[in-house]
Amino acid sequence: MKVVGVVGSPRKNGNTELLTSYALQALAEEGLTTELVTLAGLNIQPCTACMECLKEERCSIEDDLFPLYEKIKAADAVLLASPVYYGSATALLKAFMERTGYIGGRRKVFAGKVGGPLVVARRAGQNFTVAQLTYWFQILGFFVPGSTYWNVAFGREKGEVMDDEEGLRTVWTFSKNVALLVKKLRTSD
Ligand SMILES: Cc1cc2nc3c(=O)[nH]c(=O)nc-3n(C[C@H](O)[C@H](O)[C@H](O)COP(=O)(O)O)c2cc1C
């Protein structure tokens, strides 16, 4: 049973990466294999609507996206993590969502997997961003477990997110629920 955490911040070793590592730590404790994928430094272009992926399971854009699509396709659970940029997910993560969603959506490759959003904000835009990421999971057939609050933590400079005790607790509980659901679903296969 494997979970992949995709970090959509262009800043390496930042708050979103720390929060995702924390979530993966809770999942590893439950016996899941974890992998953190950071999109920082990768070339991931937005969808060009060429529609090639409707004919074949491929993408016409030759960049770093397709191996990541295959990675999340093979996983049992996927976390999408983003800092808030102008009240929204980052353009980098949005490009990832557009293309992985379009390649895999009609093929139903994500249906029945477990997943959910993780969001870091300095001050505002977090609720919209949680909703934005949740739409991706829901339209693709993922099961999205809950927590004790929405999966948001606050921080500005690198590392500050680890001081948000309530945010961390929320993400920890969410991650435990991801593990529980993955195990229930996989043992009933
Ligand atoms: C271009 C840009 C836009 C941002 N817009 C927002 C925003 O709308 N709301 C907010 O609360 N924080 C905003 N921030 C702050 C980041 O969300 C915050 O610093 C976060 O911790 C960065 O996460 P990272 O360390 O993973 O990159 C913005 C930061 C940048 C660079």
Side-chain angles (χ1 to χ4, degrees), residues 2-29 32-47 63-65 67-69 71-72 75 77-101 114-138 142 144-179:
K2 182 169 181 188
V3 54
V4 176
V6 180
V7 179
S9 172
R11 184 159 77 154
K12 283 192 176 136
N13 307 311
N15 290 318
T16 313
E17 192 173 325
L18 286 168
L19 191 66
T20 308
S21 298
Y22 188 73
L24 295 180
Q25 193 188 320
L27 284 148
E29 247 187 36
L32 275 79
T33 304
T34 65
E35 183 173 355
L36 185 141
V37 171
T38 174
L39 303 185
L42 299 185
N43 177 18
I44 299 179
Q45 298 296 313
C47 178
D63 62 6
D64 295 323
L65 188 277
L68 300 182
Y69 165 75
K71 201 181 276 292
I72 62 169
V78 179
L79 309 180
L80 292 187
S82 185
V84 178
Y85 271 22
Y86 285 94
S88 165
T90 61
L92 189 56
L93 186 63
K94 188 64 171 37
F96 176 90
M97 291 159 66
E98 290 167 5
R99 288 167 61 202
T100 53
V114 180
L118 301 175
V119 171
V120 175
R122 178 186 75 80
R123 186 175 179 85
Q126 63 277 8
N127 287 3
F128 177 86
T129 307
V130 166
Q132 190 182 21
L133 301 186
T134 302
Y135 292 143
W136 184 89
F137 288 106
Q138 289 186 322
F142 282 87
V144 184
S147 181
T148 49
Y149 213 93
W150 300 297
N151 302 331
V152 171
F154 291 96
R156 182 178 200 167
E157 303 307 331
K158 284 185 180 181
E160 281 182 3
V161 79
M162 300 312 284
D163 297 330
D164 179 2
E165 191 270 329
E166 185 178 357
L168 293 181
R169 193 157 18 95
T170 303
V171 165
W172 192 264
T173 304
F174 163 75
S175 305
K176 293 295 180 186
N177 286 340
V178 169

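Ligands are counted one by one from 1 in listed order, and the atoms in each one are counted from 1 as well. What you see is a predicted model; the values in this text were computed from it and never measured.
- Between the side chain of R156 and the backbone N or O of A121, no donor-acceptor pair lies under 3.5 Å.
- Checked by atom type, the side-chain pair E17/N15 shows no donor-acceptor distance below 3.5 Å.
- Distance alone, capped at 3.5 Å, places no donor-acceptor pair between the D64 side chain and the L42 backbone.
- The pair R169-D164 fails the salt-bridge criterion, with no side-chain N (NZ, NE, NH1 or NH2) lying under 4.0 Å from an Asp/Glu carboxylate O.
- Counting heavy atoms from C-beta outward, N127 and W150 have side chains that approach closer than 4.5 Å.
- Look at K158 and you'll find every heavy atom at least 4.0 Å from all atoms of ligand 1.
- In this structure, F137 and F142 have perpendicular ring planes: the angle between them is above 60°, well past the 30° mark.
- If you number the atoms of ligand 1 from 1 as listed, the ones under 4.0 Å from a heavy atom of V120 come out as 17 (O), 20 (C), 21 (O).
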What's the verdict on salt bridge (Lys or Arg N to Asp or Glu O under 4.0 Å) for E160 and R122, showing C-alpha distance, side-chain angles and the deciding distance? CA-CA 9 Å; E160 281 182 3; R122 178 186 75 80; over 6 Å; no

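- Counting the atoms of ligand 1 from 1 in the order shown, those under 4.0 Å from a heavy atom of Y86 are 1 (C), 3 (C), 4 (C), 5 (N), 6 (C), 7 (C), 8 (O).
- For a threshold of 3.5 Å applied to N or O pairs, the pair formed by G155 and ligand 1 contains at least one separation below that value.
- In this structure the side chain of E29 reaches within 4.5 angstrom of the side chain of W172, judged on heavy atoms.
- Taking every non-hydrogen atom of S9 and a distance limit under 4.0 Å, the qualifying atoms of ligand 1 come out as 24 (P), 26 (O), 27 (O).
- The protein heavy-atom contact nearest to atom 19 (O) of ligand 1 is R156 O, 3.2 Å.
- In summary, the atoms of ligand 1 found under 4.0 Å from a heavy atom of R11, numbered by their order in the structure, are 22 (C), 24 (P), 25 (O), 27 (O).
- Regarding atom 26 (O) of ligand 1, its nearest protein heavy-atom neighbour is T16 OG1, 2.6 Å.
- Under the side-chain contact (heavy atoms from CB on, under 4.5 Å) rule, V7 has a single partner from L118, T20, V37, which is T20.
- Annotation for T90 and G8: closest pair OG1-O, 2.6 Å, computed over non-hydrogen atoms.
- Residue contacts with ligand 1, taken as heavy atom pairs separated by less than 4.0 Å, involve A124 solely via the backbone atoms N, CA, C and O.
- Summary of contacts: the protein heavy atom closest to atom 22 (C) of ligand 1 is P83 CB, 3.7 Å.
- Atoms of ligand 1 found under 4.0 Å from any heavy atom of A121, numbered from 1 in the order shown, are 11 (O).
- The shortest contact between atom 2 (C) of ligand 1 and any protein heavy atom is with Y85 CD1, 3.7 Å.
- With hydrogens left out, the protein atom closest to atom 4 (C) of ligand 1 is V84 O, 3.4 Å, a heavy atom.
- Of the protein's non-hydrogen atoms, R123 N, 2.6 Å is the one closest to atom 11 (O) of ligand 1.
- Proximity of G125 to ligand 1 is not established, as no heavy-atom distance is less than 4.0 Å.
- For ligand 1, the polar-atom distance check finds an N/O of G87 within less than 3.5 Å of one of the ligand's N/O atoms.
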